[in-house]
Novice: 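Sharing a structure here in structure tokens format.
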Amino acid sequence: MSKPKVIVTRRWPPAVEARLQELFDVSLNESDQPMTADQLKEALKNYDAVLPTVTDPMPADVLNVEPLRAKVLGNFGVGFNHIDIQAAKTRGLTVTNTPDVLTDCTADIAMTLMLMVARRTGEGERQVRAGQWTGWRPTHLLGTKVTGKTLGLIGFGRIARAMAKKAHYGFDMQVIFYDPFPPSDEVSKSLGAKPCASVEEVLRNADFVALHCPGSKENHHLIDAARLAMMKPTAYLINSARGDVVDNQALILALKNKTIAGAGLDVFEGEPDLDKGFLELDNAVLLPHLGSATAETRVAMGMRVIENVTAFFAGETPRDKVV
Ligand code: DGY
């Protein structure tokens, strides 16, 4: 029997590409250039499986291509807001993602952002590199203590829970959260976390607000000017979820006017073309979507895609079937 024809939209870690070559008739993207909408359409017309990642938009216009050969989209990433899931379902496409394997590393980046922005480490590093450090002094770059403060989580899925655990047990933080589908009291208690009745309750009470909700139409600009105004003026916003959960213009204004103390951001609306207003803000830490970017996790993500797609072609239900 001939092997399924599979196309990968970006470069993947070498060990995963080697495994793909063993299992499938695979086309790799050696140039690592993002594929255009037309190239994605061609891929859907000519391959049994397309393996996209979180930066490959797949709206209905792309998925509605004729004739459609692809049967499965094995997404490299846990987030699938770049794929029109309804259109995929209508076309009979199976979509899978890669949960679990990136949980800890993404929570670690949220912790990194929280510590960096509170302790002004980005500012400090810029000073050292610019040769502007004049030596230790009692009032130099005073930040905010993290240990013992209140962390507020918006969304309480896997990554938020991992962050709660690290913050509560590692940094003695009180953890509060809002999630429309909260876990049992037992699970919350084991993570030292207390449920709130609304997003607003979290915003009003947290010293650090960390966003862990999915990117979706419903969550677009969930954090807007009105909600930013509910945060304490001493509080920080951490976003390692999706850029468009926050109204970036409103955030830039809040940071400029210091109505909140700072923000740690790993994701941006329209990334990588982030609003230039962010670059002028010393009270913002800006990272280039590094959440899952460790060698171990990126290999595990790729292997998880392989597991899903292999199961699909074996006639089984893939472990991470989204639709
Ligand atoms: C994901 O998997 O959705 C992440 O954003 C990639 O780090």
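Each ligand, and each atom within it, is numbered from 1 in the order the structure gives. As the structure is a prediction and not an experimental result, all values here were calculated from the model.
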Novice: Can you label the angle between the F278 ring and the F268 ring as parallel, tilted or perpendicular, going by 30° and 60°?
Specialist: perpendicular
Novice: Could you tell me, atom by atom, which parts of ligand 1 come under 4.0 Å of a heavy atom of V54?
Specialist: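 Numbered from 1, ligand 1 contributes 1 (C), 3 (O).
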Novice: For ligand 1, is there an N or O atom under 3.5 Å from any N or O atom of V78?
Specialist: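 Yes; at least one N/O pair falls below 3.5 Å.
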Novice: Given H289, R242, R298, M301, which one has a non-hydrogen atom that is nearest to atom 3 (O) of ligand 1?
Specialist: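 Selected option, by shortest heavy-atom distance: R242.
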Novice: So if I count the atoms of ligand 1 from 1 in the order they appear, which ones are less than 4.0 Å from some heavy atom of L102?
Specialist: 2 (O)
Novice: Any nitrogen or oxygen of G79, side chain or backbone, less than 3.5 Å from one on ligand 1?
Specialist: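 Indeed, backbone or side chain, G79 has an N or O that close.
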Novice: Do the numbers put K3 on top of the ring of F24, so that NZ or CZ is under 6.0 Å from the six-membered ring centre and no more than 45° off the axis?
Specialist: no
Novice: Go through the steps to decide whether S184 and E186 satisfy the test side-chain hydrogen bond (donor to acceptor under 3.5 Å, both in side chains), and finish with yes or no.
Specialist: CA-CA 5 Å; S184 66; E186 204 185 341; 4.8 Å; no
Novice: Rounded to the nearest 0.5 Å, how far does CG of L222 lie from CZ of R242?
Specialist: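 One gets 15.0 Å once the value is rounded to the nearest 0.5 Å.
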Novice: With heavy-atom distances below 4.0 Å as the criterion, list the atoms of ligand 1 near S292.
Specialist: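 Ligand 1 atoms under the 4.0 Å threshold to S292: 6 (C), 7 (O).
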Novice: In a check of side chain to side chain contact (heavy atoms under 4.5 Å, CB included) between T106 and each of I159, T297, T294, which one passes?
Specialist: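 Among the candidates, only I159 passes.
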Novice: At less than 4.0 angstrom from any non-hydrogen atom of G77, what atoms of ligand 1 do you find?
Specialist: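 Ligand 1 atoms under the 4.0 Å threshold to G77: 2 (O).
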Novice: Salt bridge check: are E125 and R129 linked by an N-O gap of less than 4.0 Å?
Specialist: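 Salt bridge between E125 and R129, a charged N being under 4.0 Å from a carboxylate O: yes.
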